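None of the values given here were measured: they were computed from a predicted structure. First listed ligand is number 1; within each ligand, the first listed atom is number 1.
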Amino acid sequence: MKAVQISKPGGNFEVVERPIPEPGRNQVRIKVDACGICHSDVLVKEGLWPGLQYPRIPGHEISGRVDAVGAEVTQWKPGQRVGVGWHGGHCFKCEPCRRGDFFQCQFQKITAIHFDGGYAEYMIAPAEAVAAIPDDLPADEAAPLMCAGITVYNVLRNAGARGGDLVAVQGIGGLGHLGIQYARQLGFRTVAIGRGADKAPLAKKLGAHEYIDSGSTSPADALQKLGGARLILATAPDSKSMSALVEGLSGGGKLLVVGAGPEPLSVSPLPLISKRLTIQGWPSGTAMDSEDTLRFSSLTGVRPMIERYPLEKAAEAYDQMLSGRARFRVVLTIGR
Ligand SMILES: [Zn+2]
Ligand SMILES: [Zn+2]
């Protein structure tokens, strides 16, 4: 099979031929149709994950079809359309697993960190890490939903807001453009926060009821004028502007952090206490959460905006992702 690998920390993307891998007893072999490029692929490219073994095939936004299954796999059949995301499997035995909190598994496997990912024609995944893809969702649009999509959908649906509540999405990029769509489709009064008046038409097109230009006004003040936000989904990895958003929350509101900047967040404790505020992070979810994300997207028409590249051009595609110019997710199309 054709694959793209990194053979040492900081190494280049190498297009290589590899034997097609065989699935183990509880594993599924997937013929990959598309694989999204996520900013977290930097961890593999630059060797930022302690103990990562090379060579490694990156990619944890995978969509494809089941091609072969191991002897103990009963829930998946060849031909089924499936995806794999960041969460690459769990042990079923540790304390969090016994409590059903599989994402917190102490022995959690991460796709493309602990085993090879989707920059390849085939990949192997543990059966519990696989999610079904609805028929009407094209492979290239399903791929980014396996990481970017599930992250913003899963946090928005679990954060306690109800229909009609004011929910703001900060940042109109890879995560934010999906967050705006999900917030709208979940029934929230959706406010997009971006930099520059020129982004307003896109924000409205994605479903935002209101747009706040952070270049010309303080987003926190603007949110308070609208009554204060029940939730603010912070996607742009800029800790300073994220911290300032806390002032835009209503009583009992939550700042949901999914964009990771290098700087610490800095918030004043008094409003946290007096307004009973919460700052919460969110990682993504399990295969079942992915399946929910895909089904909800199929039901409501939420789709990522993508730029497509063939597998052989992975290096170029990765550079486009890093440049921040991509609108908004970069996807490798593989096979047909
Ligand atoms: Zn990712
Ligand atoms: Zn476990």
Main-chain N/O of Leu249 paired with Gln224 side-chain donor or acceptor, under 3.5 Å: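 Answer holds: yes.
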Expected list for residues 96-110: side-chain donor-acceptor pairs under 3.5 angstrom, two or more places apart:
from: Arg99; atom 1: NE; to: Glu95; atom 2: OE2; distance (Å): 3.1
from: Arg99; atom 1: NH2; to: Glu95; atom 2: OE2; distance (Å): 3.0
from: Gln108; atom 1: NE2; to: His87; atom 2: ND1; distance (Å): 2.7

Between Asp140 and Thr333, a side-chain donor and acceptor under 3.5 Å: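 The criterion, which ignores hydrogens and geometry beyond distance, is not satisfied for Thr333 and Asp140.
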Salt bridge (Lys or Arg N to Asp or Glu O under 4.0 Å) contacts touching residues 146-164 (sequence neighbours left out):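 Counting only pairs at least two positions apart or across chains, the salt bridge (Lys or Arg N to Asp or Glu O under 4.0 Å) contacts touching residues 146-164 are Arg157-Asp289, Arg157-Asp292.
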Angular separation of Cys147 SG and Cys38 SG about the Zn ion (ligand 1), given to 10°: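 Centred on the Zn ion (ligand 1), the SG/SG angle is 130° (to 10°).
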Distance-only donor-acceptor hits, side chain of residues 69-79, under 3.5 Å, sequence neighbours excluded:
from: Glu72; atom 1: OE2; to: Arg25; atom 2: NE; distance (Å): 2.7
from: Glu72; atom 1: OE2; to: Arg25; atom 2: NH2; distance (Å): 3.1
from: Trp76; atom 1: NE1; to: Ala127; atom 2: O; distance (Å): 3.1
from: Lys77; atom 1: NZ; to: Thr74; atom 2: O; distance (Å): 3.1

Residues Glu22 and Arg29 bridged, charged N to O under 4.0 Å: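 Looking at Arg29 together with Glu22, the answer is yes, because their closest N to O distance falls below 4.0 Å.
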Check ion pair Arg195-Asp213 (N to O, under 4.0 angstrom):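 So Arg195 does not pair with Asp213 through a salt bridge.
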Any N, O or S atom of His39 closer than 2.8 Å to the Zn ion (ligand 1):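 It does not: His39 brings no N, O or S atom closer than 2.8 Å to the Zn ion (ligand 1).
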Polar protein atoms near the Zn ion (ligand 2) [N, O or S; cut-off under 2.8 Å]: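 Less than 2.8 Å away from the Zn ion (ligand 2) sit Cys91 SG, Cys94 SG, Cys97 SG, Cys105 SG.
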